[in-house]
Amino acid sequence: MKTVLTIAGSDSGGGAGIQADIKAISANGAFGMSVITAVTAQNTKEVRSVQQIDLNIIQDQLEAVFDDIQVDAVKIGMLGNKDTVHVVAEALTKYKPKYIVVDPVMISKGGHYLLEQSAVEALKKELLPLSSIITPNIPEAEVLIGRTLQTEEEMYKACEQIMEMGVDAVLIKGGHLMGPPNDLFYNGVDFHWLKANRIQTKNTHGTGCTLSSAIAANLAKGSTLLEAATLAKQYITTAITHSLPLGSGHGPTHHFYDLYESSKMGMK
């Protein structure tokens with residue numbers, strides 16, 4: 001069993017963050033472990049409050065996992081502030097996991113800022129040079145490059161700019177643009193579009209967390225960066241297609257749809 005360590009915040013509503021990560025890692029055939037960086041009071045409508053975890057506890061969590069268990073891939077989500085970025089970057093520099101997937105969580109679906117402005121530069125300078133792939137959505141990519149993105153054509157240049165920050169590959173998610181939610185993958189040599197049809201649903205809470213965790217799980221199992229991104233795109237498309245209308249806001253995706261369907265067959 002390959003392993004994935006997710007370093008991220010907790011979502012009390014269960015649709016995003018650590019909870020979504022563990023589900024996606026498990027659904028993609030790997031064993032999930034976690035370092036919790038923050039606790040959010042959150043549901044499908046809003047983030048009510050955020051409590052950052054003490055830096056010593058974050059460091060202890062990191063060391064407890066790495067000192068005992070083989071970590072085949074790391075997924076990084078919500079970090080919150082520059083001090084947490086620094087602690088995580090120091091640990092990854094020390095333990096040198098083979099794969100690091102960064103989902104630069106900055107703003108919640110409800111508009112709550114989850115990454116302090118001062119932490120953006122720390123993320124770019126300390127974490128991106130260690131990373132195998134970064135998976136920003138359009139608003140996150142705009143923050144990273146300092147300009148707006150309005151078309152698929154502009155995504156090409158954005159990929160090149162983000163690559164210059166030291167990552168091995170970039171996957172810019174196009175769901176915020178009009179038209180199909182096509183994602184653009186770039187490894188410094190070739191561009192590849194990962195295409196899908198837009199699914200008409202408001203239940204897309206945790207899609208970024210889920211996609212990046214699926215990428216990490218597939219990297220852990222031996223896929224290339226492009227293969228892992230492609231498999232994760234297929235997985236999240238299925239999860240959104242069968243998303244769950246829970247709560248009165250943005251409901252979660254269906255992380256275990258295939259397993260759920262299999263369980264129903266077994267009950268007949």
Side-chain angles (χ1 to χ4, degrees), residues 6-13 15-18 20-21 35-42 45-59 61-62 74-93 100-150 154-155 157-167 170-177 204-209 211-212 250:
T6 169
I7 305 171
S10 169
D11 171 8
S12 53
I18 288 286
D21 294 345
V35 168
I36 298 176
T37 58
V39 174
T40 70
Q42 185 174 173
K45 297 185 297 181
E46 62 183 340
V47 177
R48 295 188 177 183
S49 60
V50 176
Q51 174 67 61
Q52 291 290 141
I53 300 297
D54 182 88
L55 294 175
N56 290 326
I57 299 297
I58 294 174
Q59 184 168 338
Q61 290 179 84
L62 288 160
V74 171
K75 174 265 168 83
I76 298 173
M78 176 186 174
L79 297 179
N81 59 47
K82 65 179 181 181
D83 292 331
T84 300
V85 172
H86 183 65
V87 167
V88 171
E90 277 197 332
L92 297 180
T93 299
I100 299 172
V101 179
V102 175
D103 178 23
V105 176
M106 297 180 182
I107 306 172
S108 73
K109 278 279 191 299
H112 190 102
Y113 280 83
L114 301 174
L115 185 70
E116 296 176 1
Q117 183 59 42
S118 61
V120 175
E121 288 304 312
L123 182 81
K124 290 160 67 172
K125 293 179 180 179
E126 297 186 51
L127 270 182
L128 295 198
L130 304 175
S131 303
S132 307
I133 186 170
I134 184 172
T135 63
N137 58 28
I138 294 294
E140 291 160 350
E142 290 175 338
V143 171
L144 290 171
I145 65 174
R147 61 183 175 83
T148 59
L149 294 175
Q150 297 180 328
E154 292 174 340
M155 291 169 67
K157 182 61 177 177
C159 281
E160 293 173 338
Q161 287 183 253
I162 294 172
M163 278 291 294
E164 292 172 0
M165 299 173 192
V167 300
V170 181
L171 182 69
I172 297 183
K173 298 171 290 189
H176 284 76
L177 297 180
T204 56
H205 186 48
T207 50
C209 306
L211 177 73
S212 54
H250 297 283

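- The CZ atom of Arg147 lies 5.5 Å from the CG atom of Leu149; values are rounded to the nearest 0.5 Å.
- Residue Gln117 places its CD atom among 12 or fewer non-hydrogen atoms of other residues, nucleotides or ligands, all under 6.0 Å distant.
- Under 3.5 Å, the side chains of Lys75 and Ser212 contain a donor-acceptor pair of N or O atoms.
- A donor-acceptor pair under 3.5 Å is absent between the side-chain atoms of Thr37 and the main chain of Ile7, judged by distance alone.
- Ile53 is not listed as a side-chain neighbour of Thr84, based on a closest heavy-atom distance of 4.5 Å or more.
- A 4.5 Å side-chain heavy-atom check between Ile133 and Val167 finds every atom pair outside the cut-off.
- The shortest distance between side-chain heavy atoms of Lys82 and Glu116 does not fall below 4.5 Å.
- Nearest heavy atoms, Ala38 versus Val50: CB-CG1, 4.2 Å.
- Heavy atoms only, all atoms of each residue included: Gln61 and Ile36 are closest at OE1-N, 2.8 Å.
- Between Ser131 and Val102, the closest heavy-atom pair is OG-CG2, 3.1 Å.
- Separating the CD1 atom in Ile76 from the CD1 atom in Ile100 is a distance of 5.5 Å, to the nearest 0.5 Å.
- Looking only at distances, no side-chain donor or acceptor of Asp103 sits under 3.5 Å from a matching main-chain atom of Val105.
- Val87 has its side chain out of reach of Asn56: every pair of non-hydrogen atoms, C-beta onward, lies at least 4.5 Å apart.
- Here Leu171 contributes atom CG and Thr135 contributes atom OG1; the two are 6.5 Å apart, rounded to the nearest 0.5 Å.
- Side-chain atoms of Leu115 and Pro104, non-hydrogen and from C-beta on, never get closer than 4.5 Å to each other.
- Note that SG of Cys159 and CD1 of Ile172 are 3.5 Å apart. Values are rounded to the nearest 0.5 Å.
- Not counting sequence neighbours, the partners of Ala8 by the side chain to side chain contact (heavy atoms under 4.5 Å, CB included) test are Thr6, Ile18, Asp21.
- Across every non-hydrogen atom of Gly206 and Ala16, the tightest pair is CA-CB, 3.6 Å.
- When atom types are taken as modelled, the side chain of Ser12 and the backbone of Gln42 share a donor-acceptor pair closer than 3.5 angstrom.
- Closest heavy-atom contact between Ala158 and Ile145: CB-CD1, 3.8 Å.
- Residues Thr40 and Asp11 come closest through the heavy atom pair OG1-CA, 3.6 Å.
- In this structure, CG on Leu128 lies 6.5 Å from CG on Leu144, to the nearest 0.5 angstrom.
- Here the CG atom belonging to Asn81 is positioned 4.5 Å from the CD atom belonging to Gln52, to the nearest 0.5 angstrom.
- Residues Met106 and Pro139 fail the side-chain proximity criterion, which asks for heavy atoms closer than 4.5 Å.
- Within the 3.5 Å criterion, the main-chain N or O of Asn137 finds a donor-acceptor partner in the side chain of Glu140.
- Considering only residues two or more places apart in sequence or on other chains, Gln51 meets the side chain to side chain donor-acceptor pair (under 3.5 Å) condition with none of them.
- Side-chain contact between Leu177 and Met155: present, with at least one pair of heavy atoms (C-beta onward) separated by less than 4.5 Å.
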